[in-house]
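Chain letters run A, B, ... following the sequence lines, proteins first, then strands; residues in each count from 1. Note that the structure is a prediction, hence the values are computed from the model and not measured.
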Amino acid sequence: MPELPEVEVVRRGLERWVSGRTIAEAQVLHPRSVRRHPAGAEDFAARLKGHIVGIARRRGKYLWLPLADTDASILGHLGMSGQLLVQPEDAADEKHLRIRIRFDDSLGTELRFVDQRTFGGLSLHDNTPEGLPEVIAHIARDPLDPAFDDAAFQTALRLRRTTVKRALLDQSLISGVGNIYADEALWRAKLHYERPTATLTRPRSAELLRHVRDVMNEALAVGGTSFDSLYVNVNGESGYFDRSLDAYGREDEPCRRCGTPMRRRPWMNRSSYFCPRCQRPPRPTRTLS
DNA sequence: GTTAACACCTGAGAGC
DNA sequence: TGCTCTCAGGTGTTAA
């Protein structure tokens, strides 16, 4: 389940193995994987041909490959199960291979987009003057971006009438955080996932932001998190951060801080993992009559 | 304008 | 053995 650290690992792989190469041909093997390209699969393939791939970039969970000689970029999102793999041209096709990009050189490798659940995809978009694909202009900067504005984030958090985990997953407020790292950061900050954002003091929100950054940087240092074969880097290798998770997936296991069995609660069609002792639920708010 | 709920999608695993 | 059901969850769309 790729979140920011996993996407950054993939971006680095693309920068190393794909940037600077000229696209010879693109094959779309599943139309859903280019559904965000309004002009369709044929147009997507035709517009890539002959262009040089620029330096891979990322914002939150989106990554893009600028086409160096145009004002457009190939935008990618891995969704739930997407993989961007650099494979030998003669390697057998993966079962869920959706898009193949061949290059006009003699390196003998090609770029493959493999996606079991087809939540992810590739598309081609014009760039904004800042070099960002226009369709992701609404995505906030991520907390590892040097230009991320801590004070603005804290202010926005205070003004929201929502709960803290919803806010962490709101990509227009802060990008790159998914269910796993949200639970990890909240556990470290000793915050319950349903804590109203308006009740967070500046020091508390600053501490939460610090934990978000810490957990992402630690995951990045070991190549990301992987529970199964659904997340891998461009070489098909998995990360190791799942061995360091303190909250996510640890239902009934003892809290690493206080020993209380961790709990899992259904939340927004997914799960929230928390320690019922360290992360006390918020007091019920008074209703005005 | 803001917030919440839902659809999309496939395969692993549990239960019968 | 094989069938059905549940679960996993990021994003865009729709509803409130």
Interatomic distance, [X] [atom1] vs [N] [atom2] [rounded to whole Å]:
X: L63(A); N: dG10(C); atom1: CG; atom2: P; result: 16 Å
X: Q83(A); N: dG10(C); atom1: CD; atom2: P; result: 16 Å
X: W267(A); N: dA8(C); atom1: CH2; atom2: P; result: 13 Å
X: L173(A); N: dT11(C); atom1: CG; atom2: P; result: 14 Å
X: E3(A); N: dT11(C); atom1: CD; atom2: C1'; result: 14 Å
X: D170(A); N: dG10(C); atom1: CG; atom2: C1'; result: 12 Å
X: M80(A); N: dG10(C); atom1: CE; atom2: P; result: 6 Å
X: L4(A); N: dT11(C); atom1: CG; atom2: P; result: 11 Å

Flag for [Y]-[X]: side-chain donor and acceptor within less than 3.5 Å:
X: R21(A); Y: T109(A); result: yes
X: R160(A); Y: T197(A); result: no
X: S175(A); Y: K61(A); result: no

Original post:
For W187(A), is the NZ or CZ atom of R257(A) found under 6.0 angstrom from the centre of its six-membered ring and inside 45 degrees of the ring axis?
Top reply: yes
Original post:
Would you find a donor on one side and an acceptor on the other, under 3.5 Å apart, between the side chain of D115(A) and the backbone of G120(A)?
Top reply: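 Looks like yes, one N/O pair under 3.5 Å.
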Subject >> Ion pair check, E8(A) and R58(A), cut-off under 4.0 Å >> reply: yes
Original post:
Can you check salt bridge (charged side-chain N to carboxylate O under 4.0 Å, His left out) on E251(A) and R263(A), steps first, answer last?
Top reply: CA-CA 5 Å; E251(A) 184 181 19; R263(A) 288 191 184 154; over 6 Å; no
OP1 or OP2 of [N] sitting under 4.0 Å from any side-chain N/O of [X]?
X: Q171(A); N: dT11(C); result: yes
X: Y62(A); N: dG12(C); result: yes
X: H77(A); N: dT11(C); result: yes

**OP:** May I ask you to say what R35(A) touches in the nucleic acid, namely base, sugar-phosphate or nothing, with a heavy-atom cut-off under 4.0 Å?
**Re:** nothing
Original post:
Are E194(A) and T163(A) close enough, and set up right, to give a side chain to side chain donor-acceptor pair (under 3.5 Å), and what steps lead you there?
Top reply: CA-CA 5 Å; E194(A) 289 194 320; T163(A) 51; over 6 Å; no
Subject >> Inter-end axis angle, the helix from dT2(B)-dA16(C) to dC16(B)-dG2(C), with every axis fitted to five base pairs (rounded, 10 degrees) >> reply: 50°
Original post:
What class does the angle between the rings of W267(A) and Y193(A) fall in, given that below 30° is parallel, 30 to 60° is tilted and above 60° is perpendicular?
Top reply: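 Correct class here is perpendicular.
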Subject >> Nucleotide-resolved protein contact map, nucleotides 4-11 of chain B, B/S/- at heavy-atom distance under 4.0 Å >> reply: SS--BBBS
